[in-house]
Amino acid sequence: MTDVTARPVLSALQFALGEIVSTDPVELDAARADRSGHVADGTPIAVVHARTIEDVQALMRFATETRTPVVTRGAGTGLAGAANASTGEIVLSTLAMNRVLEVSTDDELAVVEPGIINADLNALLRPHGLWFAPDPASRAISTVGGNIATNAGGLLCAKYGVTRDAVIGLKVVLADGTLLEVGRRTVKGVTGLDLTGLMIGSEGLLGVIVEATLRLRRIDPAPVSTIGAYFSTVEAAARAASVISSSGIRPAIMEILDRPAMAAIAAHLSLDVRQDAYLVVQTDGGAAPAEAQAALGIIQSLGGEAEVSTDPEHGERLLAIRRAFHPSLLALGEVLIEDVCVPRSALPAMFGAIEEIGKKYGLAIPTVAHAGDGNLHPNFVFVADPDAEYGVPATVWAAADEMFLAALRLGGTLTGEHGVGILKRRWLGDELGQPQLELQRQIKAVFDPQGLLNPGKVF
Ligand SMILES: Cc1cc2nc3c(=O)[nH]c(=O)nc-3n(C[C@H](O)[C@H](O)[C@H](O)COP(=O)(O)OP(=O)(O)OC[C@H]3O[C@@H](n4cnc5c(N)ncnc54)[C@H](O)[C@@H]3O)c2cc1C
């Protein structure tokens with residue numbers, strides 16, 4: 001139900017923006033949550049379905065005049081609560097802005113609207129022999145705008161980079177409705193400060209991304225090689241991954257699942273898998289077979305029992321175990337998907353720390369890692385507690401707290417790819433320190449002096 005105190009704003013909004021304003025209770029309710037499990041207490045005023053840059057500008061001018069906060073939202077698949085909207089806020093949905101405006105094979109770039117789904121973009125690019133490399137596991141359901149606003153990672157980052165490496169220019173609508181064009185469409189360019197870089201990963205705090213110029217890659221038709229390997233401990237699997245990286249091999253994919261993760265997968269999907277730690281490595285490009293052989297040698301020398309395949313279907317079966325991770329956990333209960341990143345050499349130590357924390361708190365913490373990046377997703381499965389902060393039991397928060405501090409001690413970071421949103425705000429100062437935190441707040445205030453964009457998130 002719409003908040004009655006918001007009625008005058010709603011009427012004015014409907015008058016200003018017309019049919020693109022929705023008050024459908026189902027839509028309002030959906031906008032309270034993303035995929036983090038957190039649901040905002042209140043209900044937003046309306047969802048505005050922008051179709052054009054002018055719509056976004058009109059909304060932001062309205063927001064500035066009426067001092068009404070705006071939460072920009074792509075597909076709502078975020079894992080940090082950053083797109084969740086509450087009482088007194090307007091939701092700006094970009095889903096209807098989903099066109100590809102240009103594909104240039106010569107310049108290896110595309111210009112797109114923010115609401116296009118990542119996988120849809122890649123399907124459209126395939127006939128051009130091109131692809132957009134950022135591939136979060138949510139690529140079939142998340143928007144490119146959301147990928148940019150979270151600087152999304154995924155399975156291919158060690159070799160192909162994160163979203164930041166694939167975005168060279170943006171059009172952004174600021175809080176007062178001003179349209180800004182930042183970045184370039186050239187391979188190089190250093191004019192002025194890098195505002196494109198600042199926007200990427202800014203979680204809807206600095207402006208609304210309304211258009212993006214993306215750097216594309218040529219599709220390499222060479223067949224891939226895939227290795228599936230079991231280890232008796234996750235530390236041994238992590239050591240193998242670290243040695244593969246430090247020996248200069250650059251797998252396209254290198255993922256580790258620990259024993260609790262494999263147990264969950266085996267239980268849920270009745271897959272014929274062993275409940276040991278699992279390392280899956282995929283190499284691509286012309287050097288794929290040689291790199292796979294070198295990786296296999298390292299795996300076997302460190303005690304891994306491995307099989308390698310160049311057959312696409314067999315390779316997909318070896319990867320399917322990894323892809324089954326999220327659905328298997330969701331079947332067990334509420335899940336808090338965590339996201340720490342450590343230097344690659346510290347990966348075995350971070351797995352060790354997670355095991356210790358799990359024992360201390362009596363929790364199984366199934367963990368998957370993008371091992372080539374040192375990025376771990378420890379998952380807490382629990383029964384929601386309505387009286388606890390965000391429904392997450394205090395024991396889980398205590399264990400998560402220790403885990404974040406362990407990652408920071410190992411030279412790592414609180415979040416490798418999911419962002420801060422609301423769920424990690426309280427640890428931000430631990431990583432940034434007060435002077436940097438203050439500087440970041442000041443930067444936010446320069447872009448958005450009235451604090452209208454995604455208030456209460458990150459800071
Ligand atoms: C099953 C599953 C697997 C996932 N795997 C990965 C993974 O491998 N790697 C990874 O990085 N993430 C992953 N995610 C998290 C999530 O999909 C990403 O963060 C994704 O980039 C969010 O895109 P979205 O369109 O859903 O954005 P939303 O959730 O709608 O929004 C996320 C943030 O971006 C802001 N935003 C969205 N659009 C704009 C815009 N146009 N302008 C300004 N701000 C904007 C929002 O305000 C919010 O702060 C996964 C999620 C799920 C559910």
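The pair Glu19-Arg51 meets the salt-bridge criterion, since a charged nitrogen lies less than 4.0 angstrom from a carboxylate oxygen. Ion pairing of Glu338 with Lys424 is present here, as a side-chain N (NZ or NE/NH1/NH2) and a carboxylate O approach within less than 4.0 Å. Comment: Asp373 does not engage Arg344 in a salt bridge, judged by the lack of any side-chain N to carboxylate O separation of less than 4.0 angstrom. Comment: Glu255 engages Arg322 in a salt bridge, judged by a side-chain N to carboxylate O separation of less than 4.0 angstrom. A salt bridge links Glu108 to Arg218: one of the charged nitrogens lies within less than 4.0 Å of a carboxylate oxygen. With respect to Asp34 and Arg73, no salt bridge is recorded, no charged nitrogen being found less than 4.0 Å from a carboxylate O.
To the nearest 0.5 Å, atom CD1 of residue Ile219 and atom CG of residue Leu125 are 8.0 Å apart. For the atom pair Tyr160 OH and Trp131 CH2, the distance stands at 5.0 Å (nearest 0.5 Å). Of the inter-residue distances, the one linking Leu329 atom CG with Phe380 atom CZ reads 12.0 Å to the nearest 0.5 angstrom.
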| request: Apply side-chain hydrogen bond (donor to acceptor under 3.5 Å, both in side chains) to the pair Thr413 and Glu431, showing each step before the final yes or no. | output: CA-CA 7 Å; Thr413 176; Glu431 178 167 339; 2.8 Å; yes
| query | Hey, mind stepping through Asn375 and Asp339 against side-chain hydrogen bond (donor to acceptor under 3.5 Å, both in side chains) and telling me if it holds? | reply | CA-CA 7 Å; Asn375 185 191; Asp339 169 43; 3.0 Å; yes
| Stepwise, does the side-chain hydrogen bond (donor to acceptor under 3.5 Å, both in side chains) test hold for Asn379 with Thr367? | CA-CA 6 Å; Asn379 281 238; Thr367 299; over 6 Å; no
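In this structure, Asn454 contributes its side chain and Lys457 its backbone to no donor-acceptor pair below 3.5 Å. No side-chain donor-acceptor contact under 3.5 Å links Asn98 to the backbone of Ile117. Checking side-chain atoms of Arg184 against main-chain N and O of Val187 turns up a donor-acceptor pair under 3.5 Å.
For Arg35, the CZ atom counts as loosely surrounded, since its 6.0 Å shell holds 12 or fewer non-hydrogen atoms of other residues, nucleotides or ligands.
Taking the six-membered ring for Trp and thresholds of 30 and 60 degrees, Trp427 and Phe404 have ring planes more than 60 degrees apart, a perpendicular arrangement.
With no hydrogens or angles considered, a side-chain donor-acceptor pair links Asp176 and Thr178 at under 3.5 Å. Side-chain polar atoms of Ser142 and Asn147 form a donor-acceptor pair below 3.5 angstrom.
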Throw together a table of side-chain donor-acceptor distances under 3.5 angstrom for residues 287-301, partners on residues two or more places apart or in other chains.
{"residue": "Glu291", "atom": "OE2", "partner": "Arg250", "partner atom": "N", "Å": "3.3"}
{"residue": "Ser301", "atom": "OG", "partner": "Gly297", "partner atom": "O", "Å": "3.4"}
{"residue": "Ser301", "atom": "OG", "partner": "Ile298", "partner atom": "O", "Å": "2.8"}

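A search for side-chain hydrogen bond (donor to acceptor under 3.5 Å, both in side chains) contacts involving Glu313 returns nothing, not counting sequence neighbours.
The two residues Ser328 and Ile265 make their nearest non-hydrogen contact at OG-CA, 3.5 Å.
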